[in-house]
Amino acid sequence: MVDFQSASDGAIVVGIARCQEPALAEAYRRHGGSVHTLARRVLRSPTLADEVTQEVFVELWRAPERFDPGRGALRTFLMTKAHSRAVDVLRSESARRVREERTVRETAAAGYDIEHHAWDLAVADRVKEAVGTLPADERTAIEMAYFGGHTYREVASLLGEPEGTVKSRIRSGLRRLRTLMVQHGVETAWTEP
Amino acid sequence: MDRAMNHDDVAELLGAYALDAVDPDEAALIQAHIDGCPRCAAELAQLHEVAALMANAGSNASVELWDKIAARLDPPGDPPPTAAVLDAALADALPRRLSQRHRRVRWSVSAAVGAAAAAAIALLALQVGHLDSRVGQLDQQGLAQAVQAALQDPRAHRVALRSTSQRGTTVADIVVLPSGSGYVFDNRLQRLASDRTYQLWGLEGDRAVSLGLLGDRPAEVPFTQGSGTAITAYAVTAEQAGGAVAPTHSPVAESGPLRT
């Protein structure tokens, strides 16, 4: 029997491809909390976050071949799926209710509390440190897009900034973050012990 | 927006795209470019990585939510779970059938799946195969050599898989080493549609344990059953691509009961 608790991401996905439920359970044990937290962050609804999390892991079970280890860590793959799905739900008509619940806090950039709104997740210290060094305008644009689920056009409108400025800030902020994370030695992939 | 995007247009939007912060029409144009641009694909992968790190959370995954996920891991596709899984006879009758020569393993689909069968289904769903992950570790040439080496190993067991529709026709062979490493070879199973796959099962007592997917076309495939297992027979089913946690169809090929 394979002990998936000590298996690499690649071995876990191979296990999933071979219909080994313990492999999926291990992927969930490692990444389910982060996936759920991100979905809840975007959707502000534990119930909808439950649904997104289920969909992410059921999809991994049904189509593990969509994970390409050459393109990044399993965690990145799952978080990308989770965010994309959460944003789909947020933007869909069926989630109008959720959107309405969020509007009070988010319709105006003026009411957007940067310090307490977006970065209060249990972000790893080094990531938090890197994020903290970003210029405020880049950080704001990124958090409104990523955690607020807004398009860059919406962000531009909310901030009263040109669209071109906002899309540049998002890209330059993310690139800066990547450089900072590399400098801080942040590991992105789960590695063999 | 109805025009194609050039590289610079796309590059400028990659950050927003990585955060799912573009409109759907833009997303389609960006993705179309990325599919043909390794540079943008590489940058997007890096930006996704950064975004995923920002959302890092120390919280644990909830066990209750896992239970809901596990409940949805029924074999995909048709037939539906209540009609598709093994009938009640499997759970208690399979070992007896296997102990009797000339009796075929019959995984019939019952229209009326009772409580006993439901219990058996739940058990089988949990008994997903236990094996090492050797897929991908052997290239085809190495695989052929490994099969030859196994066949020359005097301690290896060789088992024929015979068609269930054409009596007596061997459609593939299995060789298993004492270590529990095994290979399907001389595979002459008919090619399946690309959305289906053959799946190899080991029968341990009343449990059908997945030993791996064999793909939709004949190929040599390694598998591992573990050295301490008590497999009493092998069977192959045709399943939806991605495989199943428990057999959903009658076998297309099976071995006779193994000598113990």
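Numbers restart at 1 for each chain; the letters A, B, ... are given by sequence-line order, proteins then strands. What you see is a predicted model; the values in this text were computed from it and never measured.
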Chemist: Using a distance-only test with no angle check, is there a side-chain donor-acceptor pair under 3.5 angstrom linking B:Y17 and B:Q31?
Modeler: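 Yes - a donor-acceptor pair under 3.5 Å links their side chains.
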Chemist: Is A:E65 in contact with chain B via its backbone, its side chain, both, or neither, using a 4.5 Å heavy-atom distance?
Modeler: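 When you check distances to chain B, no heavy atom of A:E65 falls under 4.5 Å.
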Chemist: Can you tell which part of A:H83 gets under 4.5 Å to a heavy atom of chain B, answering side chain, backbone, both or neither?
Modeler: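 Both parts, backbone and side chain.
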Chemist: Tell me, side chain or backbone of A:L78 under 4.5 Å from chain B's heavy atoms, or both, or neither?
Modeler: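 Neither part; nothing is under 4.5 Å.
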Chemist: Taking side chain to side chain contact (heavy atoms under 4.5 Å, CB included) as the criterion, tell me which of B:V252, B:L211, B:I174, B:N187 meets it with B:V236.
Modeler: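 When B:V252, B:L211, B:I174, B:N187 are each tested with B:V236, the side chain to side chain contact (heavy atoms under 4.5 Å, CB included) holds only for B:V252.
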Chemist: List the residues meeting ring pair (Phe, Tyr, Trp, His ring centres under 6.0 Å) with B:H48, not counting sequence neighbours, and say none if there are none.
Modeler: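 Partners of B:H48 by the ring pair (Phe, Tyr, Trp, His ring centres under 6.0 Å) criterion come out as none, since no residue qualifies.
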Chemist: So that I can tick it off, tell me whether A:E59 and A:R66 are bridged by a salt bridge, with the cut-off set at under 4.0 angstrom between side-chain N and carboxylate O.
Modeler: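 Counted as a salt bridge, because a side-chain N and a carboxylate O are separated by less than 4.0 Å.
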Chemist: Could you check which of A:V166, A:V35, A:L24, A:V155 has the highest count of heavy-atom pairs closer than 4.5 Å to chain B?
Modeler: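 Sorted descending by pairs with chain B, the first entry is A:L24.
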Chemist: Got a salt bridge between A:E26 and A:R30, using NZ or NE/NH1/NH2 to carboxylate O under 4.0 Å?
Modeler: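 Between A:R30 and A:E26 there is a salt bridge, with a charged N closer than 4.0 Å to a carboxylate O.
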Chemist: Taking side chain as everything from C-beta outward and backbone as N, CA, C, O, which of these in B:Q199 sits under 4.5 Å from a heavy atom of chain A? Side chain, backbone, both or neither.
Modeler: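 For B:Q199, the contact with chain A is made by the side chain alone.
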Chemist: Which answer fits A:A25, side chain, backbone, both or neither, if we ask what part of it has an atom under 4.5 Å from a heavy atom of chain B?
Modeler: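 A:A25 touches chain B through backbone and side-chain heavy atoms alike.
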Chemist: Most heavy-atom pairs under 4.5 angstrom with chain A, which of B:A18, B:A21, B:S62?
Modeler: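 Highest number of heavy-atom pairs under 4.5 Å: B:A21.
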Chemist: Need one label for A:R169: side chain, backbone, both or neither, based on atoms under 4.5 Å from any heavy atom in chain B.
Modeler: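 A:R169 has no heavy atom closer than 4.5 Å to chain B.
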Chemist: For A:F77, which residues count as a ring pair (Phe, Tyr, Trp, His ring centres under 6.0 Å) partner, sequence neighbours excluded?
Modeler: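 If we apply the ring pair (Phe, Tyr, Trp, His ring centres under 6.0 Å) test to A:F77, skipping adjacent residues, the hits are A:F67.
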Chemist: For the residue pair B:E239 and B:T248, confirm or rule out a side-chain donor-acceptor distance under 3.5 Å.
Modeler: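 Their side chains do contain a donor-acceptor pair, which is all the 3.5 Å distance test asks for.
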Chemist: Between B:A16, B:A11, B:A45, which has the largest tally of heavy atom pairs under 4.5 Å with chain A?
Modeler: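 Option with the greatest count: B:A11.
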